[in-house]
4 protein chains.
Amino acid sequence: MDFENNKSIYLQIAESIRERVVGGVYPAGEKIPSVRELAAEMGVNPNTIMRTYTELQTMEIIDNKRGIGYFVKPEAPQLIMEGKRKNFFEKIFPEFIRQAGLLGITASQLKTRIDQLHQVKK
Amino acid sequence: MDFENNKSIYLQIAESIRERVVGGVYPAGEKIPSVRELAAEMGVNPNTIMRTYTELQTMEIIDNKRGIGYFVKPEAPQLIMEGKRKNFFEKIFPEFIRQAGLLGITASQLKTRIDQLHQVKK
Amino acid sequence: MDFENNKSIYLQIAESIRERVVGGVYPAGEKIPSVRELAAEMGVNPNTIMRTYTELQTMEIIDNKRGIGYFVKPEAPQLIMEGKRKNFFEKIFPEFIRQAGLLGITASQLKTRIDQLHQVKK
Amino acid sequence: MDFENNKSIYLQIAESIRERVVGGVYPAGEKIPSVRELAAEMGVNPNTIMRTYTELQTMEIIDNKRGIGYFVKPEAPQLIMEGKRKNFFEKIFPEFIRQAGLLGITASQLKTRIDQLHQVKK
DNA sequence: GTGGTCTAGACCACC
DNA sequence: GTGGTCTAGACCACA
């Protein structure tokens, strides 16, 4: 795995774990890789993974069973999706519109573009 | 002036100067405030402004005349706009679409939303 | 380390690092000393080294891995040599010839001199 | 007149005056332009010219007749040429050779180049 | 441990 | 007056 350099690695990893959770790679209720395993997979210092897991724990995405490992909390997938939704409509979308406005891009131009790359289904 | 906490002050100032340039507050070819002046206005250390100016100089936004001060380069406004435009279409827009896709937001939903907040003109 | 007085310390250090890179002291791809280490070695303030490293980074000579340190970019040695070569043929050489011309020094005189100090191999 | 930005303007002007002296534009013994005249011609602050003249005065290139102006000293042309000659053989030439050596440029390559741009007469 | 940012204050060369 | 460099020292986020 390679990382962008302007975001902290532990947050990039946290994001990728969240995507694995919503994508079903790490199913709700199941154990996720140990700190050392994931560190090896990612080619990263275990401390960094530790930090990621702590972060995800305070976000209530995973929890820890002592001596056993970390597990995806049952409600995690919904929680993640909600979070993303909220972030999208409260931050990303308005910022997107603001930037478009600054550049003098009109609504109809935007809509045309959206239709063009219909990565989003009608 | 007060600053957000997750971006470095000198970069926030750089951004605000770029906006002043495109907004015509600092017209192309004209002198911008001296390091010390701006430091006073912003309530920061002159070194911080120095860093901002150095940054803007390597970006070819401003230019130095020895012993006189920094000046907006003639091409600066276009250069800034181009940069923003590029960033928008290559980074912000695709990421926006990707996120929308992940959330299962349809194109028509997006378009409706855009019409709602018509901060962007038809 | 002691420095000449008419060039800034941070640039002199940058130059010496470039020479260490082309000389193989800091091999391509390898880590260079940490900011604090080098500051100690050179007897200067860490900020000064920081400035050097920032400069070298914008020149694409070195590269940063978060929390680990700075590394010589793989292409650095060639890049440095190319830069020197370009500088030589576009700046130093013509200026040299111009000065010789002003002094009325003939080509054959120059060639004689070159042979004399055959620091340059035949 | 436009200036390079990494050398002080007053020294660049001093150099251009020296060239005018050896070129006969300002003949030995004659008056040179007043501070204000030259400042106007060069598009520069009179203080800067003042500094240039002071510099040239300490180098014994020009001298000052109070209330009248600055004059080229009779021996100036020879003195300038000597200075250039010395500088050339003690500084420029050895540095030139050193750089060529670092780049692995051989003596014969240099000589070929010199013949090519025979701005220097045979 | 690593770099990154910021402040305060100094000194200098230059216009 | 202008910028440019340097130091000392602090604090922070990150690996």
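In what follows, chains carry the letters A, B, and so on, assigned in the order in which the sequence lines appear, proteins first and then strands, with residues in each chain numbered from 1.
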- Query: Can you say whether the rings of Phe88(C) and Phe96(D) are parallel (under 30°), tilted (30 to 60°) or perpendicular (over 60°)?
  - Reply: parallel
- Message: Counting only Watson-Crick pairs (N1-N3 plus N6-O4 or O6-N4) and G-U wobbles (N1-O2, O6-N3), all under 3.5 Å, who is the partner of dC14(E)?
- Response: dG1(F)
- Task: For Tyr53(C), answer base if it contacts any base atom (sugar-phosphate contacts may also be present), sugar-phosphate if it contacts only those atoms, and nothing otherwise; contact means non-hydrogen atoms under 4.0 Å.
- Result: nothing
- Message: On DNA chain E, does the nearest nucleotide to Ser34(C) precede the nearest nucleotide to Pro46(B) from the 5' side, or the other way round? Give the residue.
- Response: Ser34(C)
- Query: Quick one: is dT5(F) close enough that its OP1 or OP2 comes under 4.0 Å of any side-chain N or O from Thr48(C)?
  - Reply: no
- Item | Rounded interatomic separation in angstrom, taking CG from Asn45(C) and P from dC6(E) | 17 Å
- Message: Side-chain N or O of Ser8(A) versus OP1/OP2 of dC14(F): is the shortest distance under 4.0 Å?
- Response: yes
- Message: Whether Lys65(A) engages the ring of Phe71(A) as a cation-pi pair (distance to the six-membered ring centre under 6.0 angstrom, angle to the ring normal within 45°) should be assessed.
- Response: yes
- Query: In Å and rounded to the nearest 0.5 Å, what is the CD1 to CG distance from Ile9(B) to Leu11(B)?
  - Reply: 10.5 Å
- Task: Indicate whether OP1 or OP2 belonging to dG4(F) is found under 4.0 Å from a side-chain N or O atom of Tyr70(B).
- Result: yes
- Task: Please work out if Val44(C) contacts a base, only the sugar-phosphate, or nothing of the nucleic acid, heavy-atom cut-off 4.0 Å.
- Result: sugar-phosphate
- Touch class at under 4.0 angstrom, heavy-atom based, for Asn64(C) against every strand present: sugar-phosphate
- Message: At less than 3.5 Å, do the side-chain atoms of Arg36(C) and the base atoms of dG3(E) form a donor-acceptor pair?
- Response: yes
- Item | Comparing Lys31(B) and Gly43(C) on DNA chain F - which has the more 5′ nearest nucleotide | Lys31(B)
- Message: Using heavy-atom distances to pick each residue's nearest nucleotide on DNA chain E, tell me which of Tyr10(B) and Val35(C) is more 5'.
- Response: Val35(C)
- Closest to the Arg51(A) side chain: dT5(E), dC14(F), dG4(F)? dC14(F)
- Message: Between the base of dG4(E) and the side chain of Asn47(C), is one N or O donor paired with an acceptor at under 3.5 angstrom?
- Response: no
- Using atom CD1 of Ile68(B) as one end and atom C1' of dA13(E) as the other, report the distance to the nearest whole Å. 15 Å
- Looking at side-chain heavy atoms only, is the closest gap between Glu95(B) and Arg98(B) below 4.5 Å? yes
